[in-house]
Undergrad: 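For reference, the structure I am asking about is given below.
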There are 2 protein chains.
Amino acid sequence: MEDQAALARDDHGQIIFDVLAQACPSRETMEHITSRWGILALIALSEGTYRFNALRRRVSGVSEKMLAQTLQALERDGMVHREAQVTIPPKVEYSLTPLGREAARHLYGLIEWLEGEMPSVMDARAAHDRSRAGA
Amino acid sequence: MEDQAALARDDHGQIIFDVLAQACPSRETMEHITSRWGILALIALSEGTYRFNALRRRVSGVSEKMLAQTLQALERDGMVHREAQVTIPPKVEYSLTPLGREAARHLYGLIEWLEGEMPSVMDARAAHDRSRAGA
DNA sequence: GTTAGTACTAACTTTGAGAAAGTGCCAACC
DNA sequence: GGTTGGCACTTTCTCAAAGTTAGTACTAAC
């Protein structure tokens with residue numbers, strides 16, 4: 001309640017979302033989708049539906065705990081859909097919602113660009129380290 | 001799809017960059033630009049040149065330590081340009097490189113989209129919390 | 001009957017984020 | 001003329017996350 005009072009609002013009482021503002025709820029969601037594992041989970045799920053452990057293998061390096069935590073946050077934010085069959089052994093399928101697909105599309109653009117520019121980044125790093133070592 | 005200890009390379013010996021691969025150097029850079037303060041620093045700097053403390057005020061909530069750390073990583077990756085005058089008091093100006101401007105452009109697209117979709121996110125959260133409370 | 005797989009959670013350890021204070025110097029204020 | 005504040009950081013310390021390991025309750029395959 002106090003948090004809401006702190007949020008910036010327009011003439012019609014609607015919240016003005018601004019990631020540069022400390023109290024804005026968009027910061028939290030931004031962190032969910034741009035966190036280390038958030039990005040990778042969204043990108044992997046943009047390839048299609050995955051079961052929990054299949055997704056874990058696709059996103060190489062993620063621990064079970066972090067993947068579960070990440071997926072729960074993304075599910076709550078309406079980015080990821082979770083469908084569980086309470087059979088034995090359990091079967092849980094994860095997929096993107098329309099919102100999640102949009103997020104993944106933006107992230108994919110960033111990733112494609114970065115992967116293409118990585119040689120420039122590596123060059124910049126080498127140059128930086130050289131000038132540091134010389135000084 | 002197995003974990004790769006070494007970097008993947010193509011027929012010409014060039015590195016194939018892939019964020020989904022654990023050992024890929026692109027993951028590190030990705031984390032620099034999509035980290036909590038990395039995103040916000042890039043977005044703020046896309047507005048123009050800032051001095052250290054002015055940038056710190058613009059990116060509300062960031063500590064001096066984290067801003068310095070973030071800027072150093074982005075400078076090494078060739079995203080941010082640092083120009084220091086060794087006067088007293090010191091004057092250090094930060095700005096984006098062409099690479100950084102491209103990164104900021106991608107991030108800006110994501111932010112604009114997210115800020116616009118935040119009402120949907122808030123709704124999804126409320127619905128999620130309701131169904132949890134009921135169960 | 002041992003091993004592996006399913007989708008997790010709980011307990012524990014390690015890492016890194018964030019807060020606070022230090023640095024060395026100057027300008028303005030009372 | 002002593003205090004406060006600003007500049008651009010760095011250092012130290014603390015605590016909350018991240019990451020690791022083990023456990024669950026059961027089945028299917030070897």
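Throughout, a chain's letter reflects where its sequence line sits, starting with A, and its residues are numbered from 1.
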Undergrad: Without swapping roles, check the side chain of A:Arg56 against the backbone of A:Val62 for a donor-acceptor pair under 3.5 Å.
TA: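 Between the backbone of A:Val62 and the side chain of A:Arg56 there is a qualifying donor-acceptor contact (under 3.5 Å).
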Undergrad: Rounded to the nearest Å, what distance is computed from the CD atom of residue B:Gln85 to the C1' atom of nucleotide C:dC25?
TA: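 To the nearest whole Å, that distance equals 16 Å.
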Undergrad: Quick one, give me the B/S/- string for nucleotides 20-30 of chain D, reading 5' to 3', where B means a protein heavy atom under 4.0 Å from the base and S means that only happens at the primed atoms, P, OP1 or OP2.
TA: B-----SS---
Undergrad: Over how many whole Å does the gap from B:Lys91 atom NZ to C:dC26 atom P extend?
TA: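 To the nearest whole Å, that distance equals 18 Å.
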Undergrad: Donor-acceptor pairs under 3.5 angstrom involving side-chain atoms of residues 65-72 of chain A: please list them, not counting sequence neighbours.
TA:
{"residue": "A:Thr70", "atom": "OG1", "partner": "A:Met66", "partner atom": "O", "Å": "2.6"}

Undergrad: Could you state the CG-C1' distance from B:Asn53 to C:dT23, rounded to the nearest angstrom?
TA: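 It is 14 Å, rounded to the nearest whole Å.
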Undergrad: Check DNA chain C against residues 29-37 of chain B and give the residues with a non-hydrogen atom under 4.0 Å, in numerical order.
TA: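 Hits under 4.0 Å, by residue number: B:Arg36, B:Trp37.
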Undergrad: Tell me the ring pair (Phe, Tyr, Trp, His ring centres under 6.0 Å) pairs involving residues 12-57 of chain B, sequence neighbours left out?
TA: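 Not a single pair qualifies under ring pair (Phe, Tyr, Trp, His ring centres under 6.0 Å).
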Undergrad: Go through the structure and list residues passing side-chain contact (heavy atoms from CB on, under 4.5 Å) with A:Glu93, not counting sequence neighbours.
TA: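 A:Glu93 satisfies side-chain contact (heavy atoms from CB on, under 4.5 Å) with A:Thr49, A:Arg51, A:Lys91 only.
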Undergrad: Using the ring pair (Phe, Tyr, Trp, His ring centres under 6.0 Å) rule, collect all pairs that involve residues 59-106 of chain B, keeping only residues at least two apart or in two chains.
TA: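 Non-adjacent pairs meeting ring pair (Phe, Tyr, Trp, His ring centres under 6.0 Å): A:Trp113-B:His106.
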Undergrad: Among residues at least two apart in sequence or on other chains, which ones pass side chain to side chain donor-acceptor pair (under 3.5 Å) with B:Glu115?
TA: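 By the side chain to side chain donor-acceptor pair (under 3.5 Å) rule, B:Glu115 matches no residue at all.
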Undergrad: Can you sort out the partners of B:Arg36 under side chain to side chain donor-acceptor pair (under 3.5 Å), two or more places apart, ordered by chain and number?
TA: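 Testing B:Arg36 for side chain to side chain donor-acceptor pair (under 3.5 Å), a comparison that skips the adjacent residues, returns A:Glu31.
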Undergrad: Expressed as a whole number of angstroms, how long is the span from B:Leu71:CG to D:dA8:P?
TA: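 These atoms are roughly 11 Å apart.
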Undergrad: Taking CD from B:Gln72 and C1' from D:dT11, how many angstroms apart are they, rounded to a whole number?
TA: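 Those two atoms, CD and C1', are 13 Å apart.
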Undergrad: Taking only residues two or more places apart in sequence or in another chain, which ones pass side chain to side chain donor-acceptor pair (under 3.5 Å) with A:Arg27?
TA: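 Partners of A:Arg27 under the side chain to side chain donor-acceptor pair (under 3.5 Å) test: none.
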Undergrad: Considering every strand and a 4.0 Å limit on heavy-atom distances, what is the contact class for B:Arg56: base, sugar-phosphate, or nothing?
TA: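 No contact at all - B:Arg56 keeps every heavy atom at 4.0 Å or more from the nucleic acid.
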Undergrad: With sequence neighbours left out, write down each residue that passes salt bridge (Lys or Arg N to Asp or Glu O under 4.0 Å) with A:Arg101, or none if nothing qualifies.
TA: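 With neighbours one apart ignored, the set is empty.
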Undergrad: Rounding to a whole Å, what distance do you find between B:Leu67:CG and C:dA19:P?
TA: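 Value for this atom pair: 13 Å.
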Undergrad: Considering non-hydrogen atoms only, spot the tightest contact between B:Ala104 and B:Leu96 and give its length.
TA: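 What the structure gives for the nearest pair is CB-CD1, 3.9 Å.
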Undergrad: Within residues 38-51 of chain B, which residues have any heavy atom lying less than 4.0 Å from an atom of DNA chain D?
TA: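 B:Arg51, in order of number.
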Undergrad: For B:Ser120, what residues pass the side chain to side chain donor-acceptor pair (under 3.5 Å) criterion, not counting sequence neighbours?
TA: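 By the side chain to side chain donor-acceptor pair (under 3.5 Å) rule, B:Ser120 matches B:Glu117.
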